[in-house]
Amino acid sequence: MEDSSVEEITEELAEKLNDEHVRRLARLKSLSDEGLKPYPNDFTPNITSAEVTGRYEKLTAEALAALTESFSLAGRIMAKRDFGKASFIHIQDRDGRLQGYVKKDVVGEEAFAQFKKFDIGDIVGLEGTLFRTRTGELTVEVKTIRLLTKGLHSLPEKWHGLKDVEARYRQRYLDLMVNPGVKDVFIKRTKIIRYLREYLTNRSYLEVETPMLQSVYGGAAAKPFTTHHNTLGMDLFLRIAPELYLKRLIVAGFERVFEINRNFRNEGISTQHNPEFTMIEFYEAYATYEDLMDLTEDMVCGLVEELHGTLKITYQGEELDFSRPWQRISVRDAIIKYAEADEAVFTDKAKAAALAESLEIPLHKDVSHGKILIEIFEKVGEPEFKRPTFVTGYPLEVSPLARKNESDPSIVDRFEVFIMGKEIANAFSELNDSVDQRERFNGQLAEREAGDDEAHPMDMEYVQALEYGMPPTAGEGIGVDRLVMLLTDSPSIRDVILFPLLRKV
RNA sequence: GAGCCGCUAGCUCAGCUGGUAGAGCAUCUGCCUUUUAAGCAGGUGGUCCGGGGUUCGAGCCCCCGGCGGCUCACCA
C-alpha cells in the first residue's frame, strides 16, 4: 500500500519516455523504496513567500539573526544550485519566490541524501528560520525539507521561459508557472471583473444567471453553436447573448439586473475573437442610453484609475487617455467626416450602395439601407476612434431591439464605445413597445430570407413578455475580454483567456 | 476561407550551395557549505511536425497533409 502509486520502470516503459522522465521516475521510486510517502498530503504551510518578504525584507542581517521564529512554506522548486554539502533553492508559491539554503549539517545526513534526489519542478514543503546571505538576499535556513509532489518533467528554460506560442496556450499551466507577467494578467482580469461586479452591486443591481442553453437564441447578430439534449430529444443553441432573458427579468420587476458570463458565437477566430467570450450585460429600468453613457464613463474611468492609478495608460506603445468627457460622434457625422460622403447617402439607398462599392465593401442582395450605412461606418469610422469614443445614431434596421429616436425614426437611441479602434461596449434604450418589437422581428425575418443569416430570429415568448409591460429601460453589454486586453496591454484575446480554443492535436 | 511565416534535444535557438545533427540552459559523473543565468572539467540525450517524391545522398529541393502565429475577410 505504501508505494502502490509508484510505477515500476520496465524496459518497455523506459523506451517510450525520454531520459529525463525515466530518471525522475527512478528517483521517485528510490525515495519511495527508502520509505518516503510519494504523495503525502499532511503538510500545511503557515506563511507564503510574499508574506515573508513583506514582513521581513527590511530587517537587517543582525535583526534577522536575532529572530527565532520558524516558518513553514510550500512551493515548487524553480532553481537549485548545489555546492556538494549545501544547496540554494528557490521555491515558488502562489504569490512569489523565496530562497532556501539547505545545509547538510543542519538537515542531517539522511535528509540531505534524500534532498539530493529532489529536482527542479518538484513541490516541497520546508521549515526554517530567516537570515540574510552575504549578497543580501532574504533566505530561509532550512531545518527540514520534504518532497510533497514529484515533478516528472524538466521545466522550460529558466532564462528564456516558454516562448512557443502554441505550447503556451496548450500547456497554459507551464506558461503561468515560468513566464513572469502572465499570472499578473489573469490576476488583473479577476480584479477587473470584481470591480465591475462591485460597481453595479453598489448601485443596487442584482447579479443573475440566465440560460446558456436556449431553444431560441437572440440578443445579437451572430451565428450560434448548436447542440442536442438527448432525453428531451431537442436541438438547442448555446446563447449568443443573455439580453432577452435579462429583459424578461426587468419585466418581472427586478428593475436593475446584470450578468457576467460567457457567450458563444460560431464565427471566425482572430486576435479579437474567441468562440466563447465573456460579456457583462446590465439593464436599468427608468434609465436612458444617455444615462448609461455617464455610467460607462464613470465605471470605466474608476476601473482604470483603480488598476493603474491614472487615466493615461499605454496600449501597444500608444498612449491611451481615458480622461472625461469622452468624445461623442454620430454614425452620420462619422461617415460624412471619414468617408467624405455626401448627405444624400442617408436618404438615397442607391447612393449609399455606390459609396459602399467604391470602398470595396461586399454587399449581398436586398441589403437594407441602414445595414449599408453601418458597413460604411465600420470600414471608415471604427479605426479612427483610438481614444474612448461614444458613437450614437445607429440605423434602425441594424438595431432590432433598440428604441426608436423620437425626432428621427430612421435611427435608434443607441451608442457603442470604441477604444483603440475596437468595439468595447454596445448600449441602448430598450424597445418596450411589444407591437413595434413584433414588427422589427418580422423585418429581421425578411432580412434573413434575403440572405442575412445573422439577422435576429423571431422570439414570440419575448414579445409576449413585453406585452405584460416592460418599464422604460436602458441596457448595455461590455466585452470583458477586450476591456482586459486594453488594461493589460495584451495584443491578442488569447492572452487574456486562460485556455483559448485550439484545434485538437 | 485566402495569403505570408514558422515547426530541429525537455526548453531557447543555430544549421552555408543538398554531403550524413550542433550550442546554451536542463540533465548525468567528478570537485565544491553564502550562491543566484553559481563555477570548473568531462559525458548522455534527436520520429529534424507527418507522408510521398527527386537525388549516389534530403533538416535543406518538390508535392500532399497536420498544427500554430500574423495579415485580410466575417464578427464583439
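Side chains included, hydrogens not; waters and symmetry mates left out as well; all remaining heavy atoms used. Here is how names work: the chains are called A, B, and so on, in the same order as the sequence lines, proteins then strands, and each is numbered from 1.
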Please determine whether a side-chain nitrogen or oxygen atom of R503(A) lies at a distance below 4.0 Å from atom OP1 or OP2 of C67(B). yes

Base, sugar-phosphate or nothing for Q99(A)? Non-hydrogen atoms, less than 4.0 Å. base

Is a donor from one side chain sitting under 3.5 angstrom from an acceptor on the other, for K247(A) and Y283(A)? no

Is the closest side-chain donor-acceptor distance between T296(A) and E476(A) under 3.5 Å? yes

Atom-to-atom span, CD of E454(A) to P of A73(B) - whole angstrom: 15 Å

Taking the minimum atom-to-atom distance to the side chain of T133(A), which one of U34(B), C70(B), U12(B) wins? U34(B)

If pairing means Watson-Crick or G-U wobble with both distances under 3.5 Å, then the partner of C60(B) is none

Among U12(B), U33(B), A76(B), which is the nearest nucleotide to the side chain of R482(A)? A76(B)

Quick one: does NZ or CZ of R172(A) land under 6.0 Å from the six-membered ring centre of F499(A), within 45 degrees of the ring axis? no

Ignoring the backbone of E166(A), work out which of C70(B), C67(B), U33(B) is nearest its side chain. C67(B)

Regarding U27(B), can its base be found pairing with the side chain of S154(A) as donor and acceptor, where the two atoms are less than 3.5 Å apart? no

Can F88(A) be called stacked on U35(B) when the rule is centres closer than 5.5 Å and an angle between planes below 30°? yes

Taking the nucleotide of RNA chain B with the nearest heavy atom to each, does D164(A) or I120(A) sit closer to the 5' end? D164(A)

What is the base-pairing partner of C40(B), counting Watson-Crick and G-U wobble geometry with both distances under 3.5 Å? G30(B)

Taking atom P in both G50(B) and G39(B), what distance in whole Å separates the two? 34 Å

Please work out if K85(A) contacts a base, only the sugar-phosphate, or nothing of the nucleic acid, heavy-atom cut-off 4.0 Å. base

Under a 4.0 Å threshold between the charged nitrogen and the carboxylate oxygen, would K80(A) count as salt-bridged to D119(A)? no

Roughly how many Å is it from CD in E267(A) to P in A76(B), rounded to a whole number? 7 Å

Watson-Crick or G-U wobble mate for U35(B), both contacts under 3.5 Å: none

Between the base of U33(B) and the side chain of D105(A), is one N or O donor paired with an acceptor at under 3.5 angstrom? yes

Touch class at under 4.0 angstrom, heavy-atom based, for G477(A) against every strand present: nothing

Which part of the nucleic acid, if any, lies within reach of A221(A) when heavy atoms closer than 4.0 Å are counted: base, sugar-phosphate only, or nothing? sugar-phosphate

Under a 3.5 Å cut-off for both distances, is C67(B) Watson-Crick or wobble paired, and to whom? G6(B)

Within the structure shown, what part of the strands sits under 4.0 Å from Y169(A) by heavy-atom distance: base, sugar-phosphate, or nothing? sugar-phosphate

Between R239(A) and E259(A) (salt bridge meaning N to carboxylate O under 4.0 Å), is one present in this structure? yes

Using the side-chain heavy atoms of L502(A), tell me which of these nucleotides is nearest: C11(B), C74(B), G69(B). G69(B)

Does a nitrogen or oxygen in the side chain of R23(A) sit under 4.0 Å from OP1 or OP2 of C28(B)? yes

Does U33(B) have OP1 or OP2 under 4.0 Å away from a side-chain N or O of R81(A)? no

Is there a Watson-Crick or G-U wobble partner for C11(B) with both distances under 3.5 Å, and if so, which one is it? G24(B)

With a 4.0 Å cut-off on heavy atoms, is N274(A) in touch with a base, just the backbone sugar-phosphate, or nothing at all? base

Mind calculating the distance between NZ (K116(A)) and C1' (U27(B)) to the nearest angstrom? 15 Å

Pick base, sugar-phosphate or nothing for H21(A), based on heavy-atom distances below 4.0 Å to the nucleic acid. nothing

Is there a side-chain polar atom (N or O) of R24(A) under 4.0 Å from OP1 or OP2 of A26(B)? no

Where the side chain of R494(A) is defined as all heavy atoms beyond and including C-beta, which of C67(B), C11(B), C70(B) is the nearest nucleotide? C70(B)

Select from D481(A) and S270(A) the residue whose nearest nucleotide in RNA chain B is closer to the 5' end of that strand. S270(A)

Is any side-chain N of the basic residue among E207(A) and R197(A) closer than 4.0 Å to the acidic one's carboxylate O? yes

So which heavy atom on S49(A) is nearest to which on D95(A), and how close? OG-OD1, 3.2 Å

Looking for any heavy atom pair under 4.0 Å, which part of the strands does S87(A) touch: base, sugar-phosphate only, or nothing? nothing

Look through every strand shown and name the nucleotide pairing with U55(B) as Watson-Crick or G-U wobble, where both distances are under 3.5 Å. none

Would you mind telling me which of C28(B), U33(B), U35(B) lies closest to the side-chain atoms of D119(A)? C28(B)

Select one nucleotide: of G68(B), A76(B), U12(B), the one nearest the side-chain heavy atoms of V165(A). G68(B)

Going by atom types only, do Q99(A) and R81(A) share a side-chain donor-acceptor pair under 3.5 Å? yes

Could you work out the separation of A14(B) and C28(B) based on their C1' atoms and round it to a whole Å? 24 Å

Nucleotide of U12(B), A76(B), C67(B) approaching R170(A) most closely (side-chain heavy atoms): C67(B)

